[in-house]
Amino acid sequence: MAKSSKPAVNRRNFLKSAAGGTAALAAATNQANAQDTGRARPAAAVAAKEADPPSTLEVLTVDRTGSDFMVDIIKHLGFEYVCANPGSSFRALHESLINYGGNANPEFITCCHEESSIAMAHGYAKVEGKPLLVMAHGTVGLQHASMAIYNAYCDRAPVYIIVGNSIDAAARRPGVEWDHSVQDAAVLVRDFVKWDDLPISLPHFAESAVRAYKIAMTPPMMPVLLVADSDLQERAVPSNAALHLPKLSQTAPPQGDVTAVAEAARSLVAAENPVLVTDRAARTAAGLKLLVELAETLQAPVINQAGRMNFPSRHPLNLTDNSRALLGNADVILGLELTDFWGTVNNFRDQQERSSRSILKPGVKLISITAVDLFSKSNYQDLQRYPEVDLAITGDAEATLPSLIEACKKLLTADRKRTLEDRGKKLGAAHQEALERARTEAAYGWDASPISTSRVAAELWAKVKDKDWSLVSGGAWTQRLWNFDKYSQYIGGSGGAGVGYGAPAALGAALANKKHGRLSVNIQNDGDLMYAPGVLWTAAHHQIPLLSVMHNNRAYHQEVMHIQRMANRHQRGVTRAGIGTTILDPNIDYAAIARGMGVHGEGPITDPKDLGPAIGRALDVVSRGAPALVDVVTQPR
Amino acid sequence: MRWFIAVLITSALYAQTPAGNAQKGKQLFQSDGCYQCHGREAQGGPGTGPRLAPKPIAFANFTKYVRHPAGQMPPYTARVVSDEDLSDIYAFLSSQPQPPPAKTIPLLND
Ligand SMILES: Cc1ncc(C[n+]2csc(CCOP(=O)(O)OP(=O)(O)O)c2C)c(N)n1
Ligand SMILES: [Mg+2]
């Protein structure tokens, strides 16, 4: 055992020594050692110390560390990218990733805020269908990350997080390392991650890392978190250590019970006015195809709540715009991965006396298929109000669709098919009317300044429609005016309505779209961007092509409306709802912010005639592989 | 007969429409926060509030709804918006131009 010059043998030195002769014994000056307290030392003291030859041959370097093995595991899991804001609690892992791991698969993406790292991972996962890796400081970094983790949790998106922590109190550097250490790092987010662990050995880390991946990817998919102890990362690993990469066996998604599926099929085929409602139903491109097949088999209308790209917007059976009337007249409603079945079938009035009433006609049968029934937590209330359904099928909607479609097809007689085809024709005509109605409505305020949101959507559509585009965030009018027909064209929303999701999630999705050569389009709210605008720099630094068009209503507009509601209810100050809710005086110059971060920026655009050309110029930049932003001063909504 | 009564009622309602000041109404539409849900041109907002212009509902119904809304809209009582202000807002709504038909706007046809 090497002798230490220090009186006490701490755990790290003890273990280093125990690793035997594997560590090189070079006594090179280690600058990081001199700096790593995070507190400045007097220069003279440092110089004196470094001039002193060590009294014994101290172990100062190491050939292979736990963090190298962690990288083996990380590569084994197939992460393409790691999003992180740097933090010393994972410094060994960081260094192993870029040097031992060659900064490829995963490649390091520098983020300016941990909320951005997570939301990027969230957006990426919805395009790519798998997680990327996020690393964060276990305390302050995870505190920053927490809201974005909550969004991903509510949105059933897999996000894979490793946080650093220094558990051995006797080995911590004095000062900041204590501030940034915690007994139980994961408790901060345990209510809204699906699983977490604190491995204390490398075999433990290996198993938990693979287990975490499997858990995150099992529907309902959610974030998972591993704590990487700094000692475990930095400790030497003998070159002959028998470390094993456990096999990753991903879980086949759970399907609904056969008997219940058969019952659902009977109800749907027999129904006069069945309605299909989709929210996070399609997890993959196959899910979109299956939903089309189900709707066409039944000739039933689809109301797309658009948590995912579930159903083509111009399909004759897409009757999202007629939602209220269809639900009110339905005899069977099938909800597929709905966030809020109760809210779908009830009308809630937000007046002084809160009230609600069902919009359904008596005798309607409600059927739900959702994997979320398989996973419940108590504290956070994203579960929504209890839905009184008649048949609750526990299982993943996409995985259950093939058997449901088959069961429906088996029940269809030639007679029944003819009846359903007639219904389909009527629905197709109603779809066309709804599209025309939407276009008529879009024309109101066409030349207005601030620019109408329908005009923004239409100008943008004209410029992207002939490309392989992907709308990665925002845009209410897009669902009514654009022709969505491919899975990659839309990724849904934030999940938990934690604002600040839009900008980074769009960038994460754009990162995923990059290798597919897709044009990523983001309709960017002003308030959302201001939480962590550093993502613009990340986009420029990593040359991630993304077109952002601002929906700049110069307000936290949702909250303007809430304050107005209170002022009216209290019968006072109805002209003062802008206090604390608007983003005026000074107006923010988003184009200048973008340019300041290395992103092409134009605007503010106030005349609708200038919008198309500005989008065109920005698209030229994006087509060359870089991000661009067009600031548009818009109507509130 | 039913048709005749309907015309009578409608014209009676419009007959009660006071002459408001559209210019002042435009300002009130912004300052009183109507624009927040209905858009600055009263064109409506997706998911927030319906379009109100250029042909608003009859003035009597308009006033009744604003004072005591049956849906989600927050109530504007006479304590915060006077009858005169309401007639100015109404005049603004009525004065809004009809937009060109969507069919004539190429961007709305593909
Ligand atoms: C983290 C967070 N803080 C506050 C809120 C409350 N909130 C809901 S919507 C909103 C306004 C967002 O502004 P912007 O992104 O510009 O969208 P707008 O409402 O103007 O369309 C706020 C602050 C929230 N949902 N999340
Ligand atoms: Mg805003």
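No hydrogens, no waters, no symmetry mates; every other heavy atom, side chains included, goes into these values. The chains referred to below are lettered A, B, ... by the order of the sequence lines, with proteins before strands, and numbering in each begins at 1.
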Novice: So do A:P636 and B:Q36 actually touch side chain to side chain, heavy atoms under 4.5 Å?
Specialist: no
Novice: Any idea which heavy atoms bring A:A443 and B:P100 closest together, and the distance?
Specialist: CB-O, 3.7 Å
Novice: Select one option (side chain, backbone, both, neither) describing which atoms of B:R40 are under 4.5 Å from chain A's heavy atoms.
Specialist: both
Novice: To the nearest 0.5 Å, what is the distance between CD (B:Q43) and OG (A:S454)?
Specialist: 7.0 Å
Novice: Of the backbone (N, CA, C, O) and the side chain (C-beta and beyond), which part of A:W482 lies under 4.5 Å from a heavy atom of chain B, both, or neither?
Specialist: neither
Novice: Filter on ring-ring contact (aromatic ring centres under 6.0 Å, His included), then keep only pairs touching residues 35-58 of chain B, sequence neighbours left out; what's left?
Specialist: none
Novice: Does A:R576, at its CZ atom, have more than 12 non-hydrogen atoms belonging to other residues, nucleotides or ligands within less than 6.0 Å?
Specialist: no
Novice: Report which part of A:A458 has an atom under 4.5 Å of a heavy atom belonging to chain B: side chain, backbone, both, or neither.
Specialist: both
Novice: Among A:R314, A:Q352, A:H557, who wins on heavy-atom pairs under 4.5 Å with chain B?
Specialist: A:H557
Novice: Tell me, side chain or backbone of B:A70 under 4.5 Å from chain A's heavy atoms, or both, or neither?
Specialist: backbone
Novice: From B:I105 CD1 over to A:D447 CG, what is the distance, rounded to the nearest 0.5 angstrom?
Specialist: 7.5 Å
Novice: Would you indicate whether B:H68, at its atom NE2, is surrounded by more than 12 heavy atoms from other residues, nucleotides or ligands within a distance under 6.0 Å?
Specialist: no
Novice: Please identify, among B:R51, B:M73, B:R79, the residue contributing the most non-hydrogen atom pairs under 4.5 Å to chain A.
Specialist: B:R51
Novice: Less than 4.5 Å to any heavy atom of chain B: does that hold for the side chain of A:R480, its backbone, both, or neither?
Specialist: neither
Novice: Is a side-chain donor or acceptor of A:Q564 paired with a backbone partner of B:D32 at a separation under 3.5 angstrom?
Specialist: yes
Novice: By a 4.5 Å heavy-atom criterion (distance strictly below it), what part of B:A42 contacts chain A: side chain, backbone, both, or neither?
Specialist: neither
Novice: Sort by residue number and list every residue of residues 82-89 of chain B having at least one heavy atom under 4.5 Å from chain A.
Specialist: none
Novice: Of all of B:V81, B:T104, B:T48, which one pairs up most often with chain A through heavy atoms under 4.5 Å apart?
Specialist: B:T48
Novice: Heavy-atom cut-off 4.5 Å, strictly under: side chain, backbone, both or neither for A:Q351 against chain B?
Specialist: side chain
Novice: Less than 4.5 Å to any heavy atom of chain A: does that hold for the side chain of B:Q98, its backbone, both, or neither?
Specialist: side chain
Novice: Please classify the contact of B:L108 with chain A as side chain, backbone, both or neither, using a heavy-atom distance under 4.5 Å.
Specialist: both
Novice: Against chain B, label A:E436 side chain, backbone, both or neither, depending on which of its atoms sit under 4.5 Å from a heavy atom there.
Specialist: side chain
Novice: Chain B heavy atoms under 4.5 Å from A:A442: which part of the residue, side chain, backbone, both or neither?
Specialist: both
Novice: Please find the pair of heavy atoms, one from A:A462 and one from B:L107, that lie closest to each other, and give the distance.
Specialist: CB-CD2, 3.3 Å
Novice: Quick one: closest heavy-atom pair of B:C37 and A:M561, and the distance?
Specialist: SG-SD, 3.5 Å
Novice: Taking B:Q72 for the side chain and A:F348 for the main chain, is one N or O donor matched with an acceptor at less than 3.5 Å?
Specialist: yes
Novice: Any ring-ring contact (aromatic ring centres under 6.0 Å, His included) pairs touching residues 429-460 of chain A, not counting sequence neighbours?
Specialist: none
Novice: Considering only heavy atoms, which portion of A:N347 lies under 4.5 Å from any heavy atom of chain B: side chain, backbone, both, or neither?
Specialist: side chain
Novice: For A:D279, enumerate each residue passing the side-chain contact (heavy atoms from CB on, under 4.5 Å) test, keeping only those at least two apart in sequence or located in another chain.
Specialist: A:Q305, A:L338, A:T339
Novice: Which residue out of A:Q635, A:E441, A:R637 racks up the most heavy-atom pairs below 4.5 Å with chain B?
Specialist: A:Q635
Novice: Taking all non-hydrogen atoms of both residues into account, name the closest pair between A:R439 and B:A102 and its distance.
Specialist: O-CB, 3.4 Å
Novice: Grab the two heavy atoms, one from A:Q571 and one from B:T77, that are nearest each other, plus how far apart they are.
Specialist: OE1-OG1, 2.6 Å
